[in-house]
Amino acid sequence: MSSNTRPLMTYAVLVITVMLGLGIILAQLTRGYFINIFEQRVELESQYFITYLEKFTEDREVSQEELYNFSQQLNTGMIFISDSGEKVIDTVEMVPVITGEEKQEVISRVEVRTSQAGEGQLIDNIFYYPVSTQLEEIEGTLILLSPVDPLANITKNIWLLIGFTLLLGLLVIFFIGFNVFSKYIRPIRSAANVATELARGNYNARTYEGHFGEAGQLSQSINILARNLQEMTTTKGMQENQLEAVINNMGNGLVLIDEKGYILLINRAFLETFKGKQGDFIGHLYHDAIPYTKLHDTVQKVYMFEETVRESFVLPMNIDRKHIEVTGAPIFSEDRKWKGVVLVFHDISDLKQLEQMRKDFVANVSHELKTPITSIRGFSETLLDGAMKDEKMLEQFLGIILKESGRLQSLIQDLLELSKLEREDFLLNIEKVGVQRLLKDLLPIVRQHAEQKEVELHLFVEGDTFIQGDSSRLKQVFMNLLTNAINYTGGEGEVLLEFREEKDSVVISVSDNGVGIPQEEISRIFERFYRVDKARSRNSGGTGLGLAIVKHIVEAHHGTIRVESVVGQGTTFYVELPKEFTEN
């Protein structure tokens with residue numbers, strides 16, 4: 001049974017029960033009333049029967065046939081039974097409605113219950129009335145038996161009336177119940193279902209608003225509530241998504257710690273910095289999840305002093321180290337209650353590296369400038385002190401001064417060149433460049449240098465490939481790489497220049513079988529003034545800025561440069577340049 005029909009069925013069962021109870025009560029009352037009336041009538045008629053029987057038995061004024069006719073006319077049978085049990089008179093056969101079994105049952109009841117004389121009884125549709133009397137000095141009991149078909153008809157009519165009334169009542173109840181259900185119960189139930197859906201989080205649920213009265217007001221209120229909840233949820237969801245997007249896309253790590261020390265929130269940058277998964281941090285105590293004493297001290301200072309604290313520490317990452325600056329700030333509610341701590345992590349490794357590079361650059365520039373200047377000044381003072389009078393010494397010192405001044409000029413020129421390349425307004429003179437022709441043009445320039453070093457120079461640059469680039473700058477790149485390869489290759493060594501064409505780029509490699517570069521030094525060879533073998537580099541006349549200039553020119557062409565080297569076996573530089581130059 002559905003919940004929609006349960007109220008109507010309940011009311012219907014209640015009405016049927018009441019009507020059946022009412023019918024039973026009315027039937028019993030009618031039966032009792034009818035029996036009383038019938039008993040009074042039979043009691044009066046019994047006197048006539050007794051008088052009629054006396055005439056029949058005493059003076060024979062009434063014949064047996066008249067007695068039977070009298071019984072037939074009154075539709076009442078008579079049985080006179082003496083006290084000794086002898087049946088003296090029996091006219092029941094004149095009332096064919098009464099069967100022999102019914103007559104015998106009445107006689108049995110009267111014989112058993114002799115105290116019932118003068119009290120009528122009803123057996124099914126037979127009413128019998130026993131009367132104690134005396135006929136010709138024979139004492140006995142006169143039993144009058146009369147069919148009571150009207151009683152059955154009345155009872156039947158009562159039940160028909162009750163059934164009709166019950167049917168009419170059910171129709172009225174169903175009609176009223178349907179109206180009540182449509183106007184009140186259905187709207188309330190619909191509103192209840194919508195309220196249940198809202199409680200489950202389905203804020204799209206709505207109910208019909210076409211009702212009137214309190215049910216209509218309830219439906220409207222539920223729908224207004226649903227719309228407000230949906231708007232609030234949408235707004236909250238958008239805010240949460242925006243907040244999550246902002247937090248996760250922050251470049252700095254973020255950690256939120258509650259007042260008890262448990263981590264509530266972390267972002268993607270924090271996971272990338274400290275490595276791990278959210279489950280390793282969220283819900284854990286901060287000093288268990290993040291095993292860094294410096295960080296623990298920062299959080300404790302925030303708890304103690306309730307003010308912003310800024311600290312820095314070194315985070316080891318395999319063979320590297322990251323410099324992290326953490327800023328901790330207390331979180332308070334509007335009523336100044338303590339809510340927790342927020343930590344923001346700044347990766348200042350690049351700043352530290354730039355700072356170190358600046359220091360190294362200043363120290364290297366100072367050192368590189370100091371050496372030739374000291375030499376020039378020292379030899380100049382020596383000449384001024386009188387050495388110039390010695391022509392042989394004068395020529396020697398002037399040669400040294402010229403060499404050191406040239407070195408100083410080369411150093412300053414490379415510094416200016418590097419500064420120019422690093423400027424934001426630096427522009428390349430882009431043109432169509434034949435790579436093979438450019439490389440072949442460099443061969444006569446470096447061949448003499450190679451012969452002086454007793455180094456064999458091999459060139460494999462066949463073909464005719466064109467790219468977009470600055471030819472003078474590209475010449476500077478490969479001239480520098482070839483010069484370095486010759487300088488760091490011993491006697492009877494080999495330097496190989498090769499060209500390879502790709503789909504969208506070209507790859508030029510410069511290889512030697514010289515001293516090679518240690519693996520741990522490769523990442524630093526493009527730094528300013530960095531030298532793997534400092535003594536050899538200075539003896540070769542290098543400034544320590546050549547590879548830094550090479551890297552800047554290659555990157556300005558949107559290309560890449562990489563190095564492969566094995567100590568004692570040689571080094572190979574790979575320069576990859578795109579064929580099409582595109583502006584960023």
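Everything numeric here is computed off the predicted structure, so don't read it as measured data.
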Main-chain N/O of Leu497 paired to His458 side chain as donor or acceptor, under 3.5 Å: no

Whether over 12 other heavy atoms sit under 6.0 Å from Phe313 CZ: yes

Point-to-point distance, once rounded to the nearest 0.5 Å, from OG1 of Thr293 to CD of Gln300: 9.5 Å

Glu456/Val495 under side-chain contact (heavy atoms from CB on, under 4.5 Å): CA gap, chis, key distance, verdict: CA-CA 6 Å; Glu456 293 186 11; Val495 173; over 6 Å; no

Sole residue of Ile263, Val341, Leu265, Asn267 in side-chain contact (heavy atoms from CB on, under 4.5 Å) with Leu256: Leu265

Main-chain N/O of Ile224 paired with Asn228 side-chain donor or acceptor, under 3.5 Å: yes

Over 12 non-hydrogen atoms of neighbours within 6.0 angstrom of NZ in Lys339: no

Worked check of ring-ring contact (aromatic ring centres under 6.0 Å, His included) between Phe345 and Phe270: CA-CA 8 Å; Phe345 298 85; Phe270 175 84; 5.5 Å; yes

Nearest heavy-atom neighbours spanning Met479 and Val446: SD-CG1, 3.3 Å

Any donor-acceptor N/O pair, Lys275 side chain to Glu272 backbone, under 3.5 Å: yes

Heavy-atom closest contact (Leu285 atom, Lys260 atom, distance): CD2-O, 3.8 Å

Separation between CZ of Phe466 and CZ of Arg437, rounded to the nearest 0.5 Å: 7.5 Å

Minimum side-chain heavy-atom gap His557-Asp470 below 4.5 Å: yes

Derivation and outcome, ring-ring contact (aromatic ring centres under 6.0 Å, His included), residues Tyr286 and Phe281: CA-CA 8 Å; Tyr286 73 92; Phe281 298 96; over 10 Å; no

Minimum-distance pair of heavy atoms, taken over all atoms of Asp347 and His323: OD1-O, 3.4 Å

Side-chain (His449) to main-chain (Leu482) donor-acceptor, under 3.5 angstrom: no

Audit row: Glu494, Thr489, side-chain hydrogen bond (donor to acceptor under 3.5 Å, both in side chains) steps and yes/no: CA-CA 7 Å; Glu494 293 182 353; Thr489 301; over 6 Å; no

Euclidean distance, His552 NE2 relative to Ile561 CD1, rounded to 0.5 Å: 12.5 Å

Side-chain touch Phe332/Lys337, heavy atoms, less than 4.5 angstrom: no

Shortest non-hydrogen contact from His284 toward Gly279: NE2-O, 3.3 Å

Identified side-chain contact (heavy atoms from CB on, under 4.5 Å) partner of Leu343 from the options Leu254, Val309, Val255: Val255

Residue pair Val302 / Trp338: nearest heavy atoms and the distance that separates them: O-CH2, 3.7 Å

Between CD1 on residue Ile257 and CD on residue Glu259, distance to nearest 0.5 Å: 11.5 Å

Minimum side-chain heavy-atom gap Leu577-Val435 below 4.5 Å: no

Verdict with supporting geometry, Glu501 and Lys579, salt bridge (Lys or Arg N to Asp or Glu O under 4.0 Å): CA-CA 10 Å; Glu501 183 177 1; Lys579 293 181 179 179; 2.7 Å; yes

Tabulate below the donor-acceptor pairs under 3.5 Å that side-chain atoms of residues 566-576 make, not counting sequence neighbours, or state none.
| from | atom 1 | to | atom 2 | distance (Å) |
| --- | --- | --- | --- | --- |
| Thr571 | OG1 | Ser565 | OG | 2.8 |
| Thr572 | OG1 | Ser511 | OG | 3.1 |
| Glu576 | OE2 | Ser505 | OG | 3.0 |

Distance in Å, Ile266 CD1 paired with Thr273 OG1, rounded so as to fall on 0.5 Å steps: 11.0 Å

Stepwise salt bridge (Lys or Arg N to Asp or Glu O under 4.0 Å) check, Arg500 with Glu498: CA-CA 7 Å; Arg500 185 175 76 252; Glu498 291 184 297; over 6 Å; no

From NZ (Lys475) to CG (Leu438), nearest 0.5 Å: 5.5 Å

Close side-chain approach of Glu431 and Gln468, heavy atoms under 4.5 Å: no

Worked verdict on Val344 versus Val326 for side-chain contact (heavy atoms from CB on, under 4.5 Å): CA-CA 6 Å; Val344 180; Val326 56; over 6 Å; no

Closest contact, heavy atoms only, Glu325 versus Arg310: OE2-CD, 3.5 Å

Stepwise salt bridge (Lys or Arg N to Asp or Glu O under 4.0 Å) test for Arg562 and Glu564: CA-CA 7 Å; Arg562 60 188 179 88; Glu564 293 180 358; 3.0 Å; yes

Expected output: side-chain Asn480 to main-chain Val477 donor-acceptor under 3.5 Å: no

Heavy atoms of other groups near Gln448 CD, more than 12 under 6.0 Å: no

